[in-house]
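Treat the numbers as computed from the prediction; the structure is a model and nothing was measured. Below, chain A is the first sequence line, B the second, and so on; all start at residue 1.
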Amino acid sequence: MVESEIIHRYDAKCAGEIETHWQAQWSRDDAFRTSNPGEAGFDATRPKFYILDMFPYPSGAGLHVGHPEGYTATDILTRYKLMRGFNVLHPMGWDAFGLPAEQYAVQTGVHPAITTRKAIDTFRRQLQRLGFRYDWSREFGTIDPDYYRWTQSIWLRAYRSYYDASKGQARPIAELEAKLEKEDRVIAVTVAEVGAVESSILSEQKWSLCTPIQKQSYLDTHRLAYLGVQTVNWCPALGTVLANEEIVDGRSERGGHPVFRMPLRQWMFRITAYAQRLLDDLDLVEWPESTRTMQAAWIGRSEGAEVRFAVDGFGDLTVFTTRPDTLFGATYMVVAPEHPFVEWVRDRAPKNHQAIADYVQWSRNRSDIDRQAESREKTGISLGVSARNPANGELIQVWTADYVLMAYGTGAIMAVPAHDTRDFAFAKRFDLPIRCVVAATDGSAWTGELATSEAGTACNSRNDRISLDGLSTSDATTKMIEWLTSCGLGFRRINFRLRDWLFSRQRYWGEPFPIVFDDRGMHYPIAESSLPVELPSLADYEPVQSDHPVPPLGKAKEWVHTTAGEAGVDPTLLDPSTRVRRETNTMPGWAGSCWYYLRYCDPKNSSRFVGKEAERYWMGDRGVDLYIGGAEHAVLHLLYSRFWHKMLYDLGEVGTPEPFAKLFHQGMITSFAFERADGSLIATDGVREESGSWREIATNEPVTRVIAKMSKSLKNVVTPDEVVAEYGADTLRLYEMYMGPLADSKPWNTRDIAGVFRFLQRVWRLVVDERTGALMFARIANPEIERQLHRTIQKVAQDIERLAMNTAIAALIELVNLATRPTQMKDPADGGLTLDQMRRFLCALAPFAPHIAEELWHQIGETSSMGNASWPAVDETQLVDEMIELPVQIQGKVRARVAVPSGADATEIEKLVLADAKVRELLEGRVPKKVIVVPKRMVNVLV
RNA sequence: AGGCCCGUGGCGGAAUUGGCAGACGCAGCGGACUUAAAAUCCGCAGAGCUAACCCUCAUCCGGGUUCAAGUCCCGGCGGGCCUACCA
């Protein structure tokens, strides 16, 4: 018993000791530090590589096993690239402002600043326990005043800029102002009160005659960050604006409170100015096709025309259509209930005034989701007014209906029921005329039973001056646009689905806007030198119940009401003694993540958001070299970041048009759950396994195992902490990578972890005698193992580059299995790997399991850290065999194998194969008609 | 409703470019060692027919292209993701 006691075994305790020992050592040595250009230790001869993880939102629950999946992959690549001689930037930080933290704080009564800091500490500790090689000296959180000072600064840059359409780029708004001043241009001015809806244009006048408020309103219609009116979902009971997804049946999802749609003045971003560039530049990036498609769909470019329909007494009602070729088939019009035309009609139609008002009110209080529900029938009401179809001169009715959206196009449409399914449904419901103006290409007659939106041949489309009849849809479209343009009735237009970005939130836990208002409602920016505008520490940050939005920051009365001087407004803009009111909305959770990748390049810079030299070096020509994160951010975060980046690019602040050269989405880690016959789910602890199948404990009924998301209710959540305690960090890292392809969603199976753990134990035993702790090496390199070692190193390198960590690990396992073959081990001193082989093997293992690799590295006599090691060289000659066995097919079926020299060409191979005894036997004297030879692959003999 | 992606052993998966389907791991079975067990090591392992070899069938189903298809094309079925009255 005593002699069999194994004290030098790689078990959980041993792994834990090794891991914490080396983590402490790396920390003492500052081993993960990366130097910037100009700093001590920076080697300018090395190429750069910037590897970025989407930084986490630290929740109170800590990490779950999904987090380390992407992080392990980037860590492997980081360690590998370092061994390959790159300067690698691999940072980590915290996305820490936002709604969940605030709601958690309201629930627990603990201030979000405290809970968030605590959550960050937990996350950091957990990540460090996994040995990730982050340069922690670059760590920051979006809630750090030193960071959000620059978030505010960049926002101010947008505020002070406009999009110069002629140049196709952002320019300082001072340039626009100077031009207006110099040319004394005539501008459209709105009613005198600030924030009027754009449609209430009253008159036009010269710039020099405008009031300051009119000037500001005008500039606001050009700023990239501007104050504008947007219809929002306002929930008085919750005291906040809600997203569409948070509303069910016109009530809040949480609590079932009523929600009202109301126009609200909010800070917006003019992201629509960048729509075309955001679309075009998707060609510059190496991103998953699905993500690029989603972004393109979100931007939603469509080509068509704007067409004017005359309404007596009103003027022109303008529509956007992608099918101007069907103008002759427009038999009625529809405007959105929010369209100003409705208001105009209502005031002039006393007969159905009330009915129209009721309909508008009713539709206004319906959420977008409600309005868009597929199953519901179309609703609407006739406005009792007619417009003239400019093509055929017919008078057609104008309706209002909520299937037309104010936010898209012009908020009004021409309805062509014969060729649009929505218009068709509406026309059927309200018995409106339908006219076919596009004939099917195959000549078949239109049935009138459903709308045909496909391209075809124009018909019934002629007037005195134009005829489209007989033209294809695309030719008819071109001709119609030309005609409309020549008559001044319309023009070609490209429309985008993308809308401007609502950037205000009625929240406490976010970045304050660096802006103040005077008594007249004019806004003034805070001077750069007075940033940050710090978030005031509030004891009561709960939302306010009200009929009108009251942001929680409004409660900080002393902070809100101040003077221009105290707030830090430039004295040349506003007298310092002027009483001002601070903006009380805050920025949304997305703000901090829009530019964090830039700050990592130079996180301590106190004079710029990022130093130019550091930005140019780390961002290089194409930006971040590899960005890994979840597909849930495929649209919003990535689109917002690209937008900010392009603004900064236009303003000369960054050197690349796109921020992220290559993007990769890791899959989700799921878990198992169990399903009853009726489809209901059972938690894992309510089930027992019985000879390969599962039964519910309570009823003894058989259940099936299914894949489900990890959730508390199903009791199938696994945390890294528990895995580390049972097996160690190296095993967790290895298991997460070995589960399957990084991009796939894969189920966690605790039982499978033993496999990779046993692999690490075999690695350990390869060198360490478990009883004595003595080191064991082969005296002579076994040639088969040597050859396999070269192949493994080669494969691991290739697999890491393409992020196929699972197959890289399989290759490492195969090598270790080969090296531990007991036939090689009869004499311990003669088995396994030589010292030199072990050295090279550990280099290949280190990216995956850095702790055990570092430990063994030192045990075999190395004194410097593995972090300084180079990737082992591969001898090309070891990768090819002299002879290879080719499968030989007869009539397409593998019937024999023939050994041939690996360099043999097709003729040689054919000769060798046909001379082979087995092949001749199988051919039974038949003469081959054709022999297909694919060197190094196979041979197919056809008779 | 539309768009995109995916269906391979009992399970996770491999097959990178159309070229030996099932690497590697888990679970399973048999053996060695042990008084016994654990641990470790060795072997077996898609299905069918076999004592065994052979052979036949086999990558969701049905067609097609090809000397050759898990891989390409067409049609279905099943699952997932996204968008959802965008004129």
Within residues 320-337 of chain A or reaching into it, pairs that qualify as salt bridge (charged side-chain N to carboxylate O under 4.0 Å, His left out) - sequence neighbours excluded
A:R323-A:D325
According to salt bridge (Lys or Arg N to Asp or Glu O under 4.0 Å), who are the partners of A:D799, at least two apart in sequence or on a separate chain?
A:K795, A:R802
Return whichever of A:M739 or A:R802 has its heavy-atom-nearest nucleotide of RNA chain B closer to the 5' end.
A:M739
Check whether any side-chain heavy atom of A:R895 lies under 4.5 Å from a side-chain heavy atom of A:V888, and answer yes or no.
no
Nearest-Å distance, CZ (A:F496) to C1' (B:A87)?
16 Å
Base, sugar-phosphate, or nothing: which does A:I813 touch, judged by heavy atoms less than 4.0 Å apart?
sugar-phosphate
Suppose you measure atom C1' in B:C44 against the same atom in B:A37; what distance do you get, rounded to whole Å?
24 Å
A:R435 charged N/C atom sitting above A:F328 aromatic ring, 6.0 Å / 45°
no
Proximal nucleotide (of B:C67, B:A87, B:C41) relative to the A:L405 side chain:
B:A87
For atom CD of A:E770 and atom C1' of B:A38, their distance in whole Å
13 Å
Using the closest heavy atom to pick a nucleotide of RNA chain B for each, name whichever of A:S290 or A:L922 lands nearer the 5' end.
A:S290
Base, sugar-phosphate or nothing for A:T421? Non-hydrogen atoms, less than 4.0 Å.
nothing
Of the candidate nucleotides B:U16, B:C41, B:C24, which contains the atom at the shortest distance from the side chain of A:R762?
B:C41
Could you pull out all residues at least two apart from A:D500 that satisfy side chain to side chain donor-acceptor pair (under 3.5 Å)?
A:Y226, A:T272
Suppose we call a contact any N or O donor and acceptor under 3.5 Å apart; does that hold for the side chain of A:D752 and the base of B:C26?
no
Checking all strands, does A:I932 fall into the base, sugar-phosphate, or nothing category for heavy-atom contacts under 4.0 angstrom?
base
Rounded P spacing from B:U66 to B:G13 in Å:
35 Å
Check the distance between B:G19's C1' and A:R895's CZ and give it to me in whole angstrom.
17 Å
Picking from B:A23, B:C26, B:C67, the nucleotide nearest the side-chain atoms of A:N940 would be B:C67
Please report the distance separating the P of B:C60 from the corresponding atom of B:A52, rounded so that it comes out in whole Å.
29 Å
Euclidean distance for P, B:G48 against B:G43 (whole angstrom):
24 Å
Taking only the C1' atom of each, what is the distance from B:G70 to B:U59 in whole angstrom?
5 Å
Not counting sequence neighbours, list each pair that qualifies as a salt bridge (charged side-chain N to carboxylate O under 4.0 Å, His left out) and has a residue in residues 748-757 of chain A.
A:E689-A:R751
Rounded to whole Å, the CG-P distance (A:D744 to B:G12) equals 12 Å
As its Watson-Crick or G-U partner within any shown strand, both distances under 3.5 Å, B:C67 has B:G19
Of the options B:A87, B:A39, B:A68, whose atoms approach the side-chain atoms of A:R9 most closely?
B:A39
Kindly point out which of B:U40, B:G19, B:C67 is positioned nearest to the side chain of A:R758?
B:U40
Do the side chain of A:S745 and the main chain of A:G667 share a donor and acceptor less than 3.5 angstrom apart?
no
Within the 4.0 Å heavy-atom criterion, would you say A:Q798 contacts the bases, only the backbone, or no part of the nucleic acid?
nothing
Given B:C82, B:A87, B:G19, which nucleotide is nearest the side-chain atoms of A:T321?
B:A87
Is there a donor N/O on one and an acceptor N/O on the other, under 3.5 Å, for the side chain of A:K893 and the base of B:U56?
no
Please name the nucleotide paired to B:G28 by Watson-Crick or G-U wobble geometry with both distances under 3.5 Å, or report none.
B:C44
Could you work out which one of B:A14, B:C24, B:C20 sits closest to the side chain of A:V894?
B:C20
Rounded C1' spacing from B:G22 to B:G46 in Å:
8 Å
I need the CD1-C1' distance between A:I753 and B:G25, as an integer number of Å.
13 Å
Counting only Watson-Crick pairs (N1-N3 plus N6-O4 or O6-N4) and G-U wobbles (N1-O2, O6-N3), all under 3.5 Å, who is the partner of B:G62?
B:C74
Strictly below 4.0 Å, heavy-atom distances to any atom of RNA chain B: list the hits from residues 803-810 of chain A, or just say none.
A:N806, A:T807, A:A810
What's the gap between B:G76 and B:A1 when it is taken at their P atoms, as a whole Å value?
14 Å
Provide, to the nearest angstrom, the distance between the CD1 atom belonging to A:I299 and the P atom belonging to B:G3.
21 Å
For A:Y408 and B:A84, give me the distance from atom OH to atom P, rounded to whole Å.
13 Å
Are A:K378 and A:Y403 in a cation-pi setup, meaning NZ or CZ lies under 6.0 angstrom from the ring centre and within 45 degrees of the ring axis?
yes
Check this for me: does the side-chain of A:R897 come within 3.5 Å of the base of B:C20 through a donor and an acceptor?
yes
Base-pairing mate for B:U83 - Watson-Crick or G-U, with both contacts under 3.5 Å:
B:A1
Mind checking if A:T322 touches a base, just sugar-phosphate, or nothing, with heavy atoms under 4.0 Å?
sugar-phosphate
Contact under 4.0 Å: A:R765 side-chain N or O vs B:C41 OP1/OP2
yes
Between A:R497 and B:A84, does any side-chain N or O lie under 4.0 Å from OP1 or OP2?
yes
Chi-angle category of B:G80 [syn within 90° of 0, anti beyond]
anti
Quick one: is A:N817 getting a side-chain N or O under 4.0 Å of the B:C41 phosphate, OP1 or OP2?
no
Pairing nucleotide - B:C54, Watson-Crick or G-U, each distance under 3.5 Å:
none
Would you mind listing every salt bridge (charged side-chain N to carboxylate O under 4.0 Å, His left out) that reaches into residues 290-303 of chain A, with sequence neighbours excluded?
A:E289-A:R292, A:R301-A:E303, A:E303-A:R492
To the nearest Å, how far apart are A:R751 CZ and B:G13 C1'?
16 Å
Taking the inter-plane angle between the rings of A:F426 and A:W399 on a 0 to 90° scale, is it parallel (under 30°), tilted (30 to 60°) or perpendicular (over 60°)?
perpendicular
Would one find a side-chain N or O of A:R937 under 4.0 angstrom from OP1 or OP2 of B:C67?
no
Sub-4.5 Å side-chain heavy-atom contact between A:Y359 and A:V342
no
Rounding to the closest angstrom, what is the interatomic distance between B:A21 and B:G79 at atom C1'?
23 Å
